[in-house]
Amino acid sequence: MKAKSPTEVQRKRWITTALAAVLLLSAVPTFAQSEGGLLLGAEVSKKIDRKWSVGLEADFRTRNNFKTVDRWGISADLSYKATKWLKADMGYSLLDYNMREKVEHYTTEKGNAKIHWRPSYWGLKHRFHASLTFDHKVVGDLRVSLRERWQYTYRPEKAVTRWTFREDVSNQDMRLDDDYVRSGKGKNQLRSRLQVEWDKKRALFTPYASMELYHSWAIEKIRYTVGTDIRLNSQNSFSLYYRFQNMKNVDEEDYDPDMHFIGLGYKLKF
């Protein structure tokens, strides 16, 4: 039997390596279809008395691997510490979103294939929420908390830019639908968050991990977060964390890919 030449062996190794790489990439589509983003937040809270407190928060978020601004928002809330282990709160958020572009394929009555293209645009959303949080130190400094939050988000009606053109791009006739209006929409969601943290009094670091489910008749997304609070003093602290957002059953209109976030927050307490 004729021995294989070194060149032939090397070529087959390269082919085998390439096939293995293709199989590996196809086995992890979640990462191929995901994006990276940045989360920045600043929060100020003030105790009114032993049970009541108010808070104000601003946040900023990016997507598209940190290259595109996704949204900014401001929030206000009021909380009530009913018992040592139970807290209730309610609040309002004004959110300005950079809505993703949308491409819609359709067929006319005459059988012509056409496309609606709506470029990305900025639009406001109003969000109201009410929450109950149960927390307790189970062993030593290990604290476990469960938060159940109802939220209602409303997107007002807005006139936006939309183009219509034929799918045959070699003979396209782009037409601007200057009277197109995206209708208003409201949505109810329940958010269930389970969190564990090492909460040692006056410690510099307070590491934590959480899982949060968004559901409205079905689970729509899951957020996994791991990070730590960094205590500077009794009033000031920072938070540094990583978050993976896994999308599940989301309307086509509200499409978002899976997201990997790096987050940085600041808290000031009075």
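Numbering starts at 1 and runs along the sequence shown.
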In terms of heavy-atom contacts, I48 and V54 come closest through CD1-CG1, 3.7 Å

Check this for me, if you would: do [X] and [Y] make a salt bridge, where the nitrogen-to-carboxylate-oxygen distance has to be below 4.0 angstrom?
X    : Y    : result
R143 : D199 : yes
K87  : D89  : no
E35  : R61  : no
D256 : R100 : yes

Sorted by chain and number, sequence neighbours left out, ring pair (Phe, Tyr, Trp, His ring centres under 6.0 Å) with H215 holds for none

Ring pair (Phe, Tyr, Trp, His ring centres under 6.0 Å) partners of Y266, counting only residues at least two apart: F238

Name all residues meeting the side-chain hydrogen bond (donor to acceptor under 3.5 Å, both in side chains) criterion together with R223; count only those two or more places apart in sequence or in a different chain, and write none if there are none. Y214, Q245

Using distance only, find each side-chain donor-acceptor pair of residues 202-210 under 3.5 Å and give its atom names and separation, not counting sequence neighbours.
from: Y208; atom 1: OH; to: S239; atom 2: OG; distance (Å): 3.0

Would you confirm whether the ring centroid of H260 sits within less than 6.0 angstrom of the ring centroid of F244? yes

Name all pairs fulfilling the ring pair (Phe, Tyr, Trp, His ring centres under 6.0 Å) condition that reach into residues 43-98, sequence neighbours left out, sorted by first residue then second. W52-Y80, Y92-F128

Report the residues that fulfil side-chain contact (heavy atoms from CB on, under 4.5 Å) with T153, sequence neighbours left out, ordered by chain and then residue number. K125, R127, Q151

Regarding R147 and T133, is there a side-chain donor-to-acceptor distance under 3.5 Å anywhere? no

Are S45 and S53 close enough that a side-chain donor and a side-chain acceptor fall under 3.5 Å? no

Pair E220-K248, salt bridge (Lys or Arg N to Asp or Glu O under 4.0 Å): steps then yes or no: CA-CA 5 Å; E220 297 181 335; K248 294 294 186 181; over 6 Å; no

